[in-house]
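To find a chain, count down the sequence lines: A is the first, B the second, and so on, and within it residues start at 1. Hydrogens, waters and symmetry mates play no part in the numbers below; they use all other heavy atoms, side chains included.
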Number of protein chains: 2
Amino acid sequence: MTGKNDAAGGTGLSPGIEAAWGLRDRPVKGPKPGLSVDRIVAAAVGVAASEGLGAVSMGRVAKELGASTMALYRYVSAKEELYLLMQEAAMGTPEPLPALESGAGWRAALGEWAWAQRRMFQRNLWALRIPIAGPPASPNSVAWWEQGLQALRGSGLSAGTRISVVLLVSGFVRNEATLMSDVAAAVEEKGVPAEEFMARWERTVRRLVDPVRHPELAGLLGTGVISEPDGPDHEFEFGLARVLDGIEVFVRREAG
Amino acid sequence: MTGKNDAAGGTGLSPGIEAAWGLRDRPVKGPKPGLSVDRIVAAAVGVAASEGLGAVSMGRVAKELGASTMALYRYVSAKEELYLLMQEAAMGTPEPLPALESGAGWRAALGEWAWAQRRMFQRNLWALRIPIAGPPASPNSVAWWEQGLQALRGSGLSAGTRISVVLLVSGFVRNEATLMSDVAAAVEEKGVPAEEFMARWERTVRRLVDPVRHPELAGLLGTGVISEPDGPDHEFEFGLARVLDGIEVFVRREAG
DNA sequence: CGGTTCTGCGTATCTAGTACGCGCTACCGC
DNA sequence: GCGGTAGCGCGTACTAGATACGCAGAACCG
């Protein structure tokens, strides 16, 4: 009840997070901090990016910074908090959308938004391996939402519906990206190259498919459609187009 | 090169998994096993269902069975393998779809398929918390795929496209369910009831939203749309309808 | 300048996964 | 029937990793 540092407001955020979000001011007494939350997060992100999320341990990050493990706990209250901050760093501030500025219509804007999100995930596949703690509430995720909602400005949809649409699209993007992340992680863990990995996977599927109980799959396996991916973006493009089509049908219906 | 137990076939599956899938026969020498993979998996699933996936440790499961921790390793080569088997158990064999039998058309069938999948996840929210190892290749996931493909029989879509559609829909379902699972896990971890949890979350969002940089969100927060969920199925129904609409547009275009 | 507040970090604890090897059991072929 | 052998249960021990606790010293207060 006294101002910025009041915990009774009850955001449920930990002190470390609030500090990082700029919701809390740094004290002024004691010795100068030798580290900073930013440096710690950057180091952790570096490790995750080069060796996978699994390589991120408190000790490893500390070593990266030339500090002791326990020193990190002065800046971050737990590993989960570090995860949160890493996620936030990965997400970054969304880039401005050309279609939004030019007033090109909600569909173009939403499409760009989806692609931007995908690019963001692609750059940080490790982020999708972080075990989720709950619904997102962080500066950057808020910024992304805002942008998604802005894309729907001209759609004529109601407030509640706009939220649903944003949820649908970002869910789609996230899911697509997660698939890539899963494969990437599996490939990284075993030392196997991606092709060999997929070949092995297909062989397993073949072994499990019974022509009698699985006629459709058996047919597909015959045609070889499975083993020939149409480029990394193909599924995404297809899915996004379907989703946007579906939304468009709805927008037309509401408007008409 | 000698038959069923030949590892040179290279499915990449571990022995324990192959045994569980029935791809490998039980040896006949030695003492009778006191446990079984099935009982172990059942115990693990029980723990996960009642106390969350986090409570599943080798020791905990063993205790549940009145065995020692290490005894489990005779049946399961590692915890990750146990996870896989648990996932498989959760998935189960898909129920038959009425719309499929009655020839009600691909849209009805695909819709039913999606709902069935959602029910399955809902019954086993813990399964969605299992860190994914790679692309799914197991008897039950194969059975689910098959069913999805069958739903698209009358659609006139090409083989490759049918796969994409199945991927899109199951991805949507999975993503939706994952959101619920995340919330459920967070609620379970803190001792807080769901409402209090959401309220706290909303307060946090409010604190992060700046009316100037986030006009759309600020507007929404004013209307109170956020805090009034329209029932647990609402988002799912909305999203599924959009996705199916989008697919329908495509099917019509291809057919016409 | 003492007091206060903060820092870095060594030490220790706890949880969990799992390698290893021992002693025992049940079925083999002779 | 009997040694040989494969397979079982599990005690012991090691490892990695998160993190509680407390001390010593630094920076800034009045």
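- Under 4.0 angstrom from either OP1 or OP2 of C/dG8 there lies at least one side-chain N or O belonging to A/Tyr75.
- Taking each heavy atom of B/Lys79 and B/Val56 in turn, the nearest pair found is NZ-O, 2.9 Å.
- Atom CG of A/Leu82 and atom P of D/dT19 are 10 Å apart (whole Å).
- With sequence neighbours excluded, no residue satisfies salt bridge (Lys or Arg N to Asp or Glu O under 4.0 Å) with B/Arg74.
- Across A/Val76 and A/Leu82, no two heavy atoms sit closer than the pair CG1-N, 3.8 Å.
- Remark: A/Ser57, A/Met58, A/Thr69, A/Met70 in residues 57-72 of chain A come within less than 4.0 Å of DNA chain D through at least one heavy atom.
- Taking all atoms of both residues into account, the shortest heavy-atom contact from A/Val41 to A/Ala89 is CG1-CB, 3.9 Å.
- Residue A/Val61 comes nearest to A/Ile40 through the heavy atom pair CG1-O, 3.9 Å, listed as atom of the first residue, atom of the second, then distance.
- The NZ atom of A/Lys79 sits 8 Å away from the P atom of D/dG17 (whole-angstrom rounding).
- The shortest distance between side-chain heavy atoms of A/Trp115 and A/Asp233 falls below 4.5 Å.
- Distance alone, capped at 3.5 Å, is enough to place a donor-acceptor pair between the A/Tyr75 side chain and the A/Leu35 backbone.
- In this structure a side-chain-to-backbone donor-acceptor pair under 3.5 Å is missing from B/Trp144 to B/Trp113.
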Would you be so kind as to tabulate the donor-acceptor pairs closer than 3.5 Å made by side chains of residues 171-184 of chain A, with sequence neighbours excluded?
from     : atom 1 : to       : atom 2 : distance (Å)
A/Thr178 : OG1    : A/Arg174 : O      : 2.6
A/Ser181 : OG     : A/Leu125 : O      : 3.0
A/Asp182 : OD1    : A/Arg129 : NH1    : 2.6

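- Summarising the geometry, the separation between CG on A/Leu53 and P on D/dG17 is reported as 13 Å, rounded to the nearest angstrom.
- Summarising the geometry, the separation between OH on B/Tyr83 and P on C/dG17 is reported as 7 Å, rounded to the nearest angstrom.
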For a quick test of your reading: what N or O donor-acceptor pairs under 3.5 Å do the side chains of residues 131-140 of chain B make, sequence neighbours left out?
from     : atom 1 : to       : atom 2 : distance (Å)
B/Ser138 : OG     : B/Glu88  : OE1    : 2.5
B/Ser138 : OG     : B/Ser141 : N      : 3.4
B/Ser138 : OG     : B/Ser141 : OG     : 2.9
B/Asn140 : ND2    : B/Glu88  : O      : 2.9
B/Asn140 : ND2    : B/Glu88  : OE2    : 3.4

Secondary structure of DNA chain C in dot-bracket form (Watson-Crick or G-U wobble, distances below 3.5 Å, | marking inter-strand pairs): ||||||||||||||||||||||||||||||
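- The backbone N or O of B/Glu95 lies less than 3.5 Å from a partner atom in the side chain of B/Gln147, making a donor-acceptor pair.
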What nitrogen or oxygen pairs link the protein and nucleotides 23-28 of chain D at under 3.5 Å?
from   : atom 1 : to      : atom 2 : distance (Å)
D/dA27 : O4'    : A/Gly30 : O      : 3.3

